[in-house]
Amino acid sequence: MLAWYAEHARDLPWRRPGPPEKRAWPVLVSEVMLQQTPVARVEPVWRAWLHRWPEPAALAAEPAGEAVRAWGRLGYPRRALRLHAAAGAVVERHGGRVPSDQAELRALPGVGAYTAAAVGAFAFDQRVAVVDTNVRRVLARTVQGKAQPAPALTAAETALAVAVLPEAPSDDPVLPARWSVAVMELGALVCTARAPRCGACPVVDLCAWQRAGAPPDDGPARRGQAWHGTDRQVRGRLLALLREAPGPLDAAALSVAWDDDAQRERCLASLVTDGLVVPAEGGWALPG
DNA sequence: AAGCCGTGGCG
DNA sequence: TCGCCAAGGCT
C-alpha cells in the first residue's frame with residue numbers, strides 16, 4: 001500500500017511538504033472544502049482562499065459574507081460559515097494557530113471526527129485513524145469482503161480502521177500518517193465506488209471481496225437524496241443570486257429564484273436563520 | 001438517529 | 001437521460 005502510494009499519489013497543493021504549523025491551516029481549509037465535494041472542484045477555490053487568507057487571522061478579520069462569496073459553487077455553503085467561525089475560534093482560543101489536539105480540533109465549528117483526524121494525520125503526522133468514505137470502502141472490500149460499506153459509519157468500522165493502523169517504526173514516525181493517506185488515495189483512485197480498477201490494485205491478491213468473487217452489494221438499497229423542488233434547490237438559487245450581487249437584493253430581485261412564493265420565503269427565512277443571509281437596507285444580503 | 005444541507009460530472 | 005456519487009457535519 002505504501003509503495004503504491006509513493007508511486008501514484010496525486011500532487012495536490014495541500015499535500016506540499018513543510019512544518020506542521022505551516023501546513024495545518026491549508027490542510028484544514030482543504031478538508032472542509034473536500035467534505036462531499038470532489039478534488040477537481042475544490043482545487044481552484046482552495047488556491048484562491050489560501051492566497052487571500054494565508055492564515056486563520058486573515059479570514060477571521062473579514063465578514064462571514066466574504067467567506068460565503070469566496071466559497072463560490074462548492075456547495076453546502078454553511079461550510080464556509082463554519083470555516084469562518086473556526087478561524088475566529090482559532091484566533092480567540094489558540095493564538096491564531098490551528099490546534100493539533102484532537103479534542104480541540106473537534107471543538108472547532110465544522111470539524112467532526114473525520115476532519116479532526118485528517119488534520120491530525122495530514123498536517124501533524126499523528127497516528128490517528130482517518131475514516132472517510134474512501135477508507136470505509138477499501139476496508140469493506142479488502143477486509144470485510146463486502147462490495148460497499150454500511151450506509152452509515154458504524155463503531156465496528158472505526159474499530160477496524162484503528163486495528164489496521166500500523167504502529168510507527170522507530171526510524172519512521174510518520175509511517176502511520178502515510179498509511180492513512182495511502183488508504184484514502186487508493187479508495188479515491190483505484191478502489192472506487194462505481195467501477196473499481198482491481199487490475200491496478202496493489203492489494204488485489206489479499207482482497208477478501210475479490211477472493212469471494214466480487215459479490216454485489218447485499219445491503220439495503222441506498223436512499224437517494226431528492227433534489228428537484230426541494231428547499232435545498234431553492235436555497236441554492238437564492239444564495240447564488242446573492243453571491244453574484246454586489247449589494248443587497250430586494251424581494252422582487254429574489255423572486256426570480258423560485259415561483260412558489262411560500263416556499264421561496266420559507267427558504268429565505270431559513271437562510272437567515274442559518275446566518276448565510278442577513279436583512280439589509282433595501283432587502284437581503286450576505287452577512288457583512 | 002434519520003434527515004437535512006449544494007453542486008456538477010460521469011457512467 | 002438520470003440516478004449515483006464526491007476527503008461529512010449537525011441536529
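At a threshold of 4.0 angstrom between heavy atoms, the contacts of Gly112(A) are confined to the sugar-phosphate backbone, with no base atom among them. Using a 4.0 Å heavy-atom distance criterion, Leu271(A) is classed as making no nucleic acid contact. Within 4.0 Å (heavy atoms only), Thr115(A) reaches sugar-phosphate atoms of the nucleic acid but no base atom. When heavy atoms are screened at a 4.0 angstrom cut-off, Ala40(A) is found touching no nucleic acid atom at all. Residue Gln225(A) is in base contact, counting any heavy-atom pair closer than 4.0 Å across all strands shown. Counting non-hydrogen atoms under 4.0 angstrom, Trp14(A) reaches a base of the nucleic acid. Using a 4.0 Å heavy-atom cutoff across all strands shown, Asp274(A) reaches no nucleic acid atom at all. At a threshold of 4.0 angstrom between heavy atoms, the contacts of Arg243(A) are confined to the sugar-phosphate backbone, with no base atom among them. Within the 4.0 angstrom heavy-atom criterion, only backbone atoms of the sugar-phosphate kind lie near Arg235(A); the bases stay farther away.
Atom name P, nucleotides dG8(B) and dG9(C): the rounded distance is 23 Å, in whole Å. Atom name P, nucleotides dG3(B) and dC4(C): the rounded distance is 16 Å, in whole Å. Using atom P as the reference point in both dA7(C) and dG11(B), the two lie 15 Å apart (nearest Å).
Running 5' to 3' along DNA chain C, contacts with non-hydrogen atoms of chain A at under 4.0 Å begin and end at dG3(C) to dC10(C). Interface limits on DNA chain B: the 5'-most and 3'-most nucleotides within less than 4.0 Å of chain A heavy atoms are dC5(B) to dG11(B).
Counting only heavy atoms from C-beta outward, the side chains of Asn134(A) and Val183(A) never approach each other to under 4.5 Å. At least one side-chain heavy atom of Val29(A) sits under 4.5 Å from a side-chain heavy atom of Leu83(A). Contact check for Leu81(A) versus Leu276(A): side-chain heavy atoms found under the 4.5 Å cut-off. Looking only at side-chain heavy atoms (C-beta outward), Leu175(A) and Pro169(A) come within less than 4.5 Å of each other. Two residues are said to be in side-chain contact when any heavy atoms from C-beta on lie closer than 4.5 Å; Gln36(A) and Tyr76(A) meet this criterion. Contact check for Gln233(A) versus His228(A): side-chain heavy atoms found under the 4.5 Å cut-off.
To the nearest 0.5 angstrom, Ser180(A) atom OG is 10.5 Å from Met1(A) atom CE.
Judged by closest nucleotide on DNA chain B, Arg223(A) is the one of Arg223(A) and Trp227(A) placed further toward the 5' end. Remark on DNA chain C: of its neighbouring residues Ala188(A) and His228(A), the 5'-side contact belongs to His228(A), judged by nearest-heavy-atom nucleotide.
Using a cutoff of 4.0 Å between basic side-chain nitrogens and carboxylate oxygens, Arg127(A) and Glu167(A) are scored as salt-bridged. Here Glu66(A) pairs with Arg52(A) in a salt bridge; the nearest charged N to carboxylate O distance falls below 4.0 Å. With respect to Asp217(A) and Lys146(A), no salt bridge is recorded, no charged nitrogen being found less than 4.0 Å from a carboxylate O. A salt bridge is defined here as a Lys NZ or Arg NE, NH1 or NH2 lying under 4.0 Å from an Asp or Glu carboxylate O, and Lys22(A) with Glu55(A) fails to meet this definition. We find that Arg23(A) and Asp125(A) are joined by a salt bridge, their nearest charged nitrogen and carboxylate oxygen being less than 4.0 Å apart. Ion pair Arg97(A)/Glu21(A) not flagged as a salt bridge, since none of the NZ, NE, NH1 or NH2 atoms sits closer than 4.0 Å to an Asp/Glu carboxylate oxygen. A salt bridge links Asp274(A) to Arg235(A): one of the charged nitrogens lies within less than 4.0 Å of a carboxylate oxygen.
Checked by atom type and distance alone, the side chain of Trp46(A) never pairs as donor or acceptor with a backbone atom of Trp14(A) at under 3.5 Å.
Within residues 192-202 of chain A, the residues having any heavy atom under 4.0 Å from DNA chain C are, by residue number, Ala193(A), Arg194(A). Across residues 124-143 of chain A, Asp132(A), Thr133(A), Asn134(A), Arg137(A) each have a non-hydrogen atom less than 4.0 Å from an atom of DNA chain C (numbered order). Near DNA chain C, defined here as any heavy-atom distance below 4.0 Å, there are no residues from residues 149-167 of chain A.
Summarising the local packing, CZ of Arg10(A) is surrounded by more than 12 heavy atoms from other residues, nucleotides or ligands at distances under 6.0 Å.
Trp49(A) meets the ring-ring contact (aromatic ring centres under 6.0 Å, His included) test with Trp53(A), Trp71(A); sequence neighbours excluded.
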